[in-house]
Amino acid sequence: MQTPWIPFIPPSASTLSGKVDALYFYLVGVTIFFTLMISGVLTFFVIKYRRRNPYEIPRPVAGSLKLETMWSVIPFIIAMTMFAWGAQVFFQQWRPPTNAVEIYVVGKQWMWKIQHTTGQREINELHVPVGRKIKLIMTTEDVIHDFFIPAFRIKADVVPGRYTTLWFEATKPGRYHLFCAEYCGTNHSGMIGSVVALEPTEFDNWLGGNSSQQSPAVAGKQMYETLGCVSCHGAAGEGGRGPALEGIFGKQVVLNNGQSINADEAYIRESIVNPQAKLVTGFGPIMPTFQGQVSEEQLLQILAFIKSLQIETSQPAGRAASPVTAPSPAPASAASPAAANR
Amino acid sequence: MEEFIPPLPSRINYINAEYGLKSWLLTRDHKRIALLYLGSITFFFFIGGVYAMLIRLELLTPQGDLLQSTTYNKVFTQHGIIMVFFFLIPSIPATLGNFLVPMMIGAKDLAFPRINLLSWYIYMLGGGVTIYALLAGGVDTGWTFYTPFSTTFSNSYVVATGLGIFINGFSSILTGLNFIVTIHTMRAPGMTWFRLPLFIWAHYATSLVMILGTPVIAITILLLAFERLAHIGIFDPAVGGDPVLFQHLFWFYSHPAVYIMILPSMGVVSELIANFSRKNIFGYSFVAFSSLAIAVFGFLVWGHHLFVSSQSLYAGMIFSFLSFAVAVPSAIKVFNWTATLYKGSISFDTPMLYALGFIGLFTIGGMTGLFLATLGVNVHVTDTYFIVAHFHYIMVGGAIFGYLGGLHYWWPKISGRMYPDGWGRFSALLIFAGFNLTFFPQFVAGYLGMPRRYHAYPPEFQVFNVLSTAGASILAVGYLIPAVYLVWSMRYGKVAPGNPWHLPGLEWRTQSPPPTENFDYTPVVTWEAYEFAPPEEMEVVGKYHDQTAEKV
Amino acid sequence: MSEHIVPVKVYISIFLALMVGTAVTVLAAFQNFPGALNVIVAMTIAVVKATLVVLYFMHVRYSARLIWVIVASALFWMGILFALTFSDYWTRCWLGCT
Amino acid sequence: MAESYVEHEVSHPALQHHFENLEQQREAGTLGMWVFLVTEIMFFGGMFLAYTLYRSKFPAAFAIASNHLDIKLGAINTAVLIFSSFTMAMAVYNTQVGKRRAQIISLVLTIVLGLGFLGIKAVEYYQKYEDHLIPGSLIPGNPFNPDPHEMHLTPGGSMQHVQMFYWIYFAMTGMHALHMIIGVGLLSFLLYFSVKGRYSPEYHNPVEVIGLYWHFVDIVWIFLFPLLYLLGRHTGGH
Ligand code: HEA
Ligand code: HEA
Ligand code: CUA
Ligand SMILES: [Cu+2]
């Protein structure tokens, strides 16, 4: 471990970890206060009023409404400070900033498969640059797992059939634990790895040294072709028998029941594995299901491809309305799917 | 002080009223059924304890070298299942509660004695099925049975174990039902609601949770079993279901269930604190109503187990807020217990040591519950050893301390014999020390990031695990001592008088052990709860009151 | 708390009301009401029918207050189960779905 | 702290030893049953929750699946059950006023109607079996495999969700049927003792209490019928 060892606190290496620790220390303080107070008073009473004579019958003491109110209201107020502070930190942990670099994570009994938008794949290791906001888009192929980085004070379950997200900004270079924190079967305790936070330049080097791999969007485009999506949605997603996919990510889609829905990751995933569930207005239920034919990783790649389609579309309006997925600041733009599209 | 009680000829009590195995297995006497339960839950506690020791031994070293990972997973799962469903949930209600609820309210029995016996058989059947599942190959899902692991991926005996828990649930429901009806309809003349001992209030609240929560876990487990067998599912995402729905349904019961475990213990502690300081409880009605408040609010907070489960952020906030609200009634209790001691006449008998231990450890356990309810901190510590420490502080340091305290306190009534007090105090202290050594280091390991349910772990956590295992060994010895001397005392202990502690409760105003119908005449209550008086004034309200149980 | 004997006439009228309710709910089910009204109509009729059974066939109308409390609390706890579970499902998309 | 004791009343043969009098025994019995019904409500509540959740998630598929249930049989069964509830209420009434014969007849009718309900339910189940609508592999060798054309799988429905509807349908009606079977068993027990003349205007708590149970089972069905059979009919009842 490269960070200095502070007693009883794990390395603190993200913008969030200090905030969590501060809250934690507050809670520890309150706990020590109440524990000492109660055990102190207890000890004092127990000694002072110990039984001195087997026949003594102390005088009954009536209750006191004042005291009761006091020791209901004060703990309640203290508890509310914990609640408010906790909720505030939670919001920061849970709401990804809009300009984060996306990284895809797929959990699988018992490993973590990670893919960067620039194509680099890793297993049980995650390389990230220090000082940049990273957003993980995560799912699992089988059971529930949980992506846990103690040094960053974050964790989130990955749930089959759903996408969950985590975000962080590493502050200190180093190698940190990565754990699976949701029990997932035989080798749960082996589903561990490390997060390597690198200085941005080192990180770029690392990316460069691993750039031979296809970016997920490119891989997604290939899937798109081999699975036959092209036949209905057109080679560049311009549409045909099926609706156009260009620029759809993040926009509102009108369904045949008149509702409209935000075309986010979950919606697009559902449109592929269970197309009948929500139909785009004006189209029949002709799209076959691809459940079982594509793995979660491939789904993420197709997703990346569909997302990438909007970068090149000339409809900035659509993008502005969406939770912007900014182009990755990584240098490997040569591998950008748009280029491959042309 | 026995001079106050004129020795009377020894006479028949519930133990020697009838002989033979059949008279026990077909008994409808709530006191005998309580003893049947006492035997069975002790058995399950020791099984669960052996599993606990296996966990601790495995975790002594960071490599998973003692057990294979599959075995380890089964061990902690079975530890959790047995301790929760077959030990702690029935522990106080089915033993002390069964024995004392009718006696404390001046009834001859529970309202439905046959259903009471039935509930024991159901418990044994559920336990039997579960033991079968363990012997046949065990189960490795964690006691929480999260889907889709439990429905699709685990290849262990999930259905059989689920069936055992399902069956066992009915025993809990029937016990709760019996208590509610008994407390409503069978109170002796003069025993108004606000003269009820707090033990009764706690059991009333517990029973509410039992009847309102248990059916939901029953249906959930049943659906789970079918889904596993038939590959269908409302919980399995592969066929369109939502695994988080399972978690909602599971915790709808299992969070309130933690109050099934702690409320009776709180009831015992209220008795102990009041009686061993010879004081009326401070703020009786606050303590009584806080039990009800815990039972009701306890149903509103289950989502605090789902903060990182992909549950909505807003639901998380609601549940967090409500979790803090539910802490207030617990706080009220702690403060009232403390205040009760003020100007009391405090003795240090074994039960009182357990009660004092309870207050301290429950405070720590409860306060760390607040850490978990704090959203921002929960994200970091959930599913780590911090949680393991939290709930052992409450369930072992809290609930079991209450249980042991109560068991010692009423032992003279139950068995008609005194336990050796010196040994009692010694083992109480030993358990206290061993307990803290076992579980305190886990808080630290948890905040440092050691995940729970890990068969092997990074070496930097070893020091905490070594401490913990050392503590658990002390704890094991600490538990063995009472088991030995209590059994010993049944035969060789000093014969207990009817009211060895000189207390006003109805259960003390009859002989020890009590006769089959508890009192020879229906008592009429004319005093308030915890109204202490000189021993000669706290007269017996059953007709006979003898000092000596017949020696067999 | 001596028990109340409900006259046969009451039983018969309740029985008839329940039958009518069944017919109405079937007929209503085929009408295309706007929005969620179909559900609301069907559930309202069901609730009315259930209330009649509870009040008259099950004698709650003539029972002690305790029984009322029990019935109410059962409904209340069902309400908790539903309300808090849906507090999750309904708010999941407030921050945008993923 | 006066010494005073309450003496036992002269007791009725049905009075159990631990109760003071029949009134107390009756009160305990009725209260016990009501408390038990609360647990039943929560038991079914879990399933109603799942139903509500998935219907709101997959309305189209649920409507399609629901339209495939036999609404005639469902409606007839509702009527049968309401009728049986009426006869049950009459059984209680006749016991209360001491009409032995009428009491026995009402009980017999209730049992017959209950069995009738179960018979019709069995016919429905059999139809579902023939249409391969039993979800998953609940029945080994006959997996869920309906003819998509038969199902009129219209826009917005997915077979997977149709199957989920049927799983919920079978779980709920199956649990309900199980309760009916238990109810018929309890009624037979009542009938046996009625014939032996055990129940009288002074002592009839078992009739009352089992009646409560029977009405409760009826109420569950009063909700199941519209939820499972009716909602979604207006989208095109086939
Ligand atoms: C008997 C058992 C029991 C009891 C009583 C409690 C009581 C509480 N528990 Fe605990 N809990 C468990 C058993 C129990 N718990 C178990 C078994 C688990 C893990 C399950 C698993 O995943 O396997 C768990 C998990 C658990 C979690 C989930 C963690 C996670 O999975 O992420 C949370 C989160 O909120 C929590 C909170 C609380 C709170 C707030 C209380 C409160 O009721 C505590 C209230 C008490 C006090 C607060 C102390 C007394 C008060 C004072 C001394 C005054 C000062 C007070 C204030 C300033 C407010 N518990
Ligand atoms: C009532 C509930 C209860 C009780 C009493 C206990 C008691 C103990 N528990 Fe348990 N525990 C749980 C409920 C309980 N636990 C639950 C619900 C879980 C979660 C499971 C899951 O994750 O699914 C858990 C998990 C759990 C873990 C975490 C496992 C993991 O996440 O990997 C650990 C680890 O230390 C542990 C330890 C102990 C110890 C040392 C005791 C000790 O207090 C026990 C001491 C008792 C004895 C030792 C028995 C008496 C003595 C003898 C029988 C003599 C013979 C002894 C020897 C041969 C040594 N428990
Ligand atoms: Cu993956 Cu635990
Ligand atoms: Cu909880």
Side-chain angles (χ1 to χ4, degrees), chain B residues 28 102 107-113 115 173-174 176-178 180-182 184-186 188-190 207 210-220 222-223 226-227 229-235 239-242 245 248-249 252 517 519-524 526-527 533 537-539 541 543, chain D residues 1-8 16-20 23-51 53-54 57-58 61 134-140 143-144 158-164 166-168 170-171 174-175:
Chain B
R28 290 181 213 153
K108 296 198 191 92
D109 205 322
L110 287 172
F112 308 112
I115 288 182
I173 291 177
L174 294 179
L177 188 153
N178 227 333
I180 291 187
V181 175
T182 307
H184 267 288
T185 60
M186 310 213 13
S207 307
M210 284 174 162
I211 62 158
L212 288 160
T214 319
V216 177
I217 190 82
I219 186 65
T220 310
L222 200 63
L223 291 176
F226 271 110
E227 303 208 358
L229 290 172
H231 307 294
I232 34 180
I234 57 174
F235 300 141
V239 287
D242 181 354
L245 177 64
H248 277 295
L249 286 170
F252 179 84
E517 291 200 336
F519 306 95
D520 293 293
Y521 287 94
T522 305
V524 174
T526 54
W527 60 91
E537 275 178 40
M538 289 191 291
E539 69 209 284
V541 290
K543 191 167 149 200
Chain D
M1 299 202 183
E3 269 194 37
S4 53
Y5 307 116
V6 175
E7 296 288 338
H8 261 180
Q16 289 173 307
H17 76 99
H18 59 294
F19 288 114
E20 294 297 330
E23 178 61 26
Q24 191 190 30
Q25 182 170 338
R26 194 181 87 93
E27 213 185 305
T30 311
L31 184 60
M33 182 45 90
W34 274 106
V35 172
F36 180 70
L37 293 185
V38 171
T39 71
E40 290 280 26
I41 291 177
M42 297 311 290
F43 185 80
F44 280 97
M47 288 187 286
F48 277 107
L49 178 76
Y51 169 89
L53 177 64
Y54 290 116
K57 270 190 162 178
F58 316 122
I134 312 251
S137 50
L138 260 187
I139 308 276
F144 183 82
S158 114
M159 207 41 113
Q160 210 176 51
H161 301 153
V162 170
Q163 167 169 317
M164 181 177 300
Y166 277 100
W167 167 222
I168 295 178
F170 275 103
M175 273 301 146

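The model shown is predicted, which means the values in this text are computed figures rather than measured ones. So that the names make sense, note that chain A is the first sequence line, chain B the second, and so on, each numbered from 1.
The backbone N or O of F144(D) sits nowhere less than 3.5 Å from a side-chain atom of Q163(D) that would complete a donor-acceptor pair. With Q25(D) contributing its side chain and Q16(D) its backbone, the two residues share a donor-acceptor pair below 3.5 Å.
Using a 4.5 Å cut-off between heavy atoms, D242(B) touches chain D through backbone and side chain atoms alike. Contact of L245(B) with chain D is made through the side chain alone, with heavy-atom distances under 4.5 Å. Looking at L249(B), only its side chain comes within 4.5 Å of chain D, counting heavy atoms on both sides. Contacts of F58(D) with chain B are made by side-chain atoms alone, with heavy-atom separations under 4.5 Å and no backbone atom involved. At a 4.5 Å heavy-atom cutoff, the contact between I168(D) and chain B is made by side-chain atoms alone. Within the 4.5 angstrom heavy-atom criterion, atoms from both the backbone and the side chain of L31(D) approach chain B. For Y54(D), the part sitting under 4.5 Å from any heavy atom of chain B is the side chain, from C-beta outward, and nothing else. Only the side chain of L49(D) comes within contact range of chain B, with at least one heavy atom under 4.5 Å from a heavy atom of that chain.
Of the listed residues (V216(B), L177(B), I217(B)), the one with the most heavy-atom contacts under 4.5 Å to chain D is L177(B). Most heavy-atom pairs under 4.5 Å with chain D: of the set L223(B), L229(B), T220(B), T182(B), this distinction falls to L223(B).
Within a 6.0 Å radius of CZ in F170(D), more than 12 heavy atoms belonging to other residues, nucleotides or ligands are found.
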